[in-house]
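In this chain, numbering begins with 1 at the start of the sequence shown.
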Amino acid sequence: MTNNSFASENVTMTTTNAATKFPVINDGKTWYTLIIVSENLAGVLNQITNVFTRRQLNIESLNVSPSGYAGLHRYTVTCRSEVAEMKKLVKQIEKKIDVVLARFYTEDEVYVMEQALYKISTARLTENHEISKAIRQHDAKIVEVNSAFSIVSIEGLPNDIVALRHKLREAGGMLQFVSSGIVAVTRSANEELSVLLERRKREEIQNQ
């Protein structure tokens with residue numbers, strides 16, 4: 001399951017920056033990536049999003065997928081906030097009975113990736129060379145072409161995906177846009193979830 005509201009149209013964006021993974025937005029906030037692992041049970045996603053709502057934090061991107069461990073699901077969430085607020089948020093999420101682990105990271109602490117599809121007018125693609133130029137500049141691919149529309153696919157940093165979206169919109173002819181939501185892995189050598197699950201397993205054996 002994936003969902004994405006990344007880079008809301010209501011936010012004024014300044015420019016993209018090759019040195020950052022995320023778009024530069026003039027709101028004085030920092031981008032954070034949250035990784036949450038929970039039991040694979042109905043209603044957990046609602047519990048997690050309710051914590052964001054109560055703290056009046058906007059979810060910019062949300063991706064839900066299997067964690068690689070049986071019975072556990074992984075939530076990758078991006079939002080913009082302050083470190084003090086993120087600490088409170090994570091503490092509240094971890095209090096949920098079905099949540100196994102919740103952590104937040106700065107962009108330097110995670111490797112992130114996103115996928116997106118752009119549906120554009122074939123007529124505009126043919127007549128406006130700036131469109132094909134923008135597609136090449138961002139290492140995107142045209143994966144389907146017919147007389148009515150063409151589909152462009154890209155895999156990369158959120159920064160690049162948003163930048164290409166703005167260029168295609170400015171060039172005219174963009175009919176649809178959809179992105180997968182950001183996925184992330186930590187850059188730390190310490191696999192905290194693995195350590196936690198191993199400790200739980202030992203405790204269960206000792207209590208038998």
Side-chain angles (χ1 to χ4, degrees), residues 1-13 20-116 157-159 161-162 178-188 190-201 203-204:
M1 171 184 176
T2 59
N3 184 29
N4 185 34
S5 59
F6 182 70
S8 168
E9 296 299 330
N10 295 324
V11 176
T12 301
M13 185 178 301
T20 183
K21 301 178 180 72
F22 297 99
V24 178
I25 299 174
N26 280 332
D27 63 357
K29 298 178 181 178
T30 301
W31 283 99
Y32 291 101
T33 300
L34 290 88
I35 295 177
I36 304 161
V37 180
S38 79
E39 304 288 343
N40 185 19
L41 299 172
V44 177
L45 177 58
N46 187 53
Q47 292 180 47
I48 292 171
T49 56
N50 281 342
V51 177
F52 282 84
T53 301
R54 288 197 301 271
R55 303 205 68 84
Q56 297 184 330
L57 287 172
N58 185 49
I59 293 175
E60 297 292 337
S61 172
L62 169 64
N63 182 294
V64 185
S65 65
S67 68
Y69 293 90
L72 298 180
H73 260 49
R74 179 186 176 110
Y75 305 77
T76 304
V77 186
T78 59
C79 68
R80 297 191 312 278
S81 186
E82 299 175 353
V83 65
E85 183 65 31
M86 295 305 296
K87 289 179 179 179
K88 295 175 184 177
L89 176 74
V90 165
K91 185 176 293 186
Q92 287 188 347
I93 292 174
E94 280 205 310
K95 288 180 180 179
K96 302 300 178 183
I97 192 169
D98 298 318
V99 172
V100 176
L101 182 75
R103 297 289 184 269
F104 71 94
Y105 304 91
T106 63
E107 64 177 272
D108 292 333
E109 295 173 319
V110 288
Y111 179 85
V112 300
M113 184 70 70
E114 189 174 14
Q115 292 181 317
L157 297 177
N159 195 6
I161 287 172
V162 173
V178 64
S179 62
S180 64
I182 292 168
V183 293
V185 293
T186 63
R187 292 184 177 275
S188 171
N190 178 29
E191 299 298 338
E192 192 170 1
L193 179 59
S194 299
V195 173
L196 175 61
L197 294 177
E198 284 294 327
R199 185 169 68 244
R200 284 190 173 187
K201 186 176 180 179
E203 290 173 352
E204 289 174 0

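- Annotation: side chain of Leu89 is in contact with side chain of Val51 (closest heavy-atom distance under 4.5 Å).
- Asn50 contributes atom CG, which lies 11.5 Å from atom CD of Gln92 (distance to the nearest 0.5 angstrom).
- A distance of 12.0 Å separates CZ in Arg74 from OG in Ser38, rounded to the nearest 0.5 Å.
- In this structure the side chain of Ile48 reaches within 4.5 angstrom of the side chain of Val44, judged on heavy atoms.
- To the nearest 0.5 Å, atom CG of residue Asn159 and atom CD of residue Glu107 are 9.0 Å apart.
- Under the 4.5 Å side-chain criterion, counting only non-hydrogen atoms from C-beta, Phe22 is in contact with Thr78.
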(request) Start with the C-alpha gap between Val100 and Leu196, add the side-chain angles, then the distance that decides, and say whether side chain to side chain contact (heavy atoms under 4.5 Å, CB included) holds. (result) CA-CA 9 Å; Val100 176; Leu196 175 61; 3.7 Å; yes
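- To the nearest 0.5 Å, atom CD of residue Gln56 and atom CD of residue Glu85 are 9.5 Å apart.
- Between Tyr75 and Leu45 the shortest side-chain heavy-atom distance falls below 4.5 Å.
- Residues Ile93 and Ile36 have side chains in contact (heavy-atom distance under 4.5 Å, counting atoms from C-beta outward).
- Across all their heavy atoms, Ser81 and Leu57 have their closest contact at OG-CD2, 3.5 Å.
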(request) Start with the C-alpha distance between Thr30 and Val83, add both sets of side-chain angles, then the distance that settles side chain to side chain contact (heavy atoms under 4.5 Å, CB included), and finish with yes or no. (result) CA-CA 8 Å; Thr30 301; Val83 65; over 6 Å; no
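- Not one N or O on the side chain of Thr76 forms a donor-acceptor pair closer than 3.5 Å with the backbone of Val183.
- Here the shortest heavy-atom pairing between Gly181 and Ser61 reads CA-OG, 3.3 Å.
- The CG atom of Asn58 lies 8.5 Å from the SG atom of Cys79; values are rounded to the nearest 0.5 Å.
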(request) Could you give me the CA-CA distance, side-chain angles and deciding distance for Glu39 and His73, then say whether side chain to side chain contact (heavy atoms under 4.5 Å, CB included) is met? (result) CA-CA 6 Å; Glu39 304 288 343; His73 260 49; over 6 Å; no
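- Using a 30° and 60° split on the angle between ring planes, Tyr32 and Phe104 fall in the perpendicular class, above 60°.
- Considering CE of Met113 and NZ of Lys21, their distance stands at 11.0 Å, rounded to 0.5 Å.
- Between Val77 and Phe52 the shortest side-chain heavy-atom distance falls below 4.5 Å.
- Here the closest non-hydrogen pair linking Val112 and Leu157 is O-CD2, 3.6 Å.
- Under the side chain to side chain donor-acceptor pair (under 3.5 Å) criterion, the residue pairs touching residues 95-106 are Glu94-Arg103, Arg103-Glu192, Thr106-Glu109, with sequence neighbours excluded.
- Minimum interatomic distance between Thr186 and Val110 (heavy atoms only, all atoms of both residues): CA-CG1, 4.1 Å.
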(message) For a side chain to side chain contact (heavy atoms under 4.5 Å, CB included) check, start with the C-alpha distance between Asn40 and Leu72, then their side-chain angles and the critical distance, and finish with the verdict.
(response) CA-CA 5 Å; Asn40 185 19; Leu72 298 180; over 6 Å; no
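- Looking only at distances, a side-chain donor or acceptor of Asp27 sits under 3.5 Å from a matching main-chain atom of Lys29.
- A donor-acceptor pair is defined here as one N or O able to donate and one able to accept, closer than 3.5 Å; such a pair exists between the side chain of Ser180 and the backbone of Gln115.
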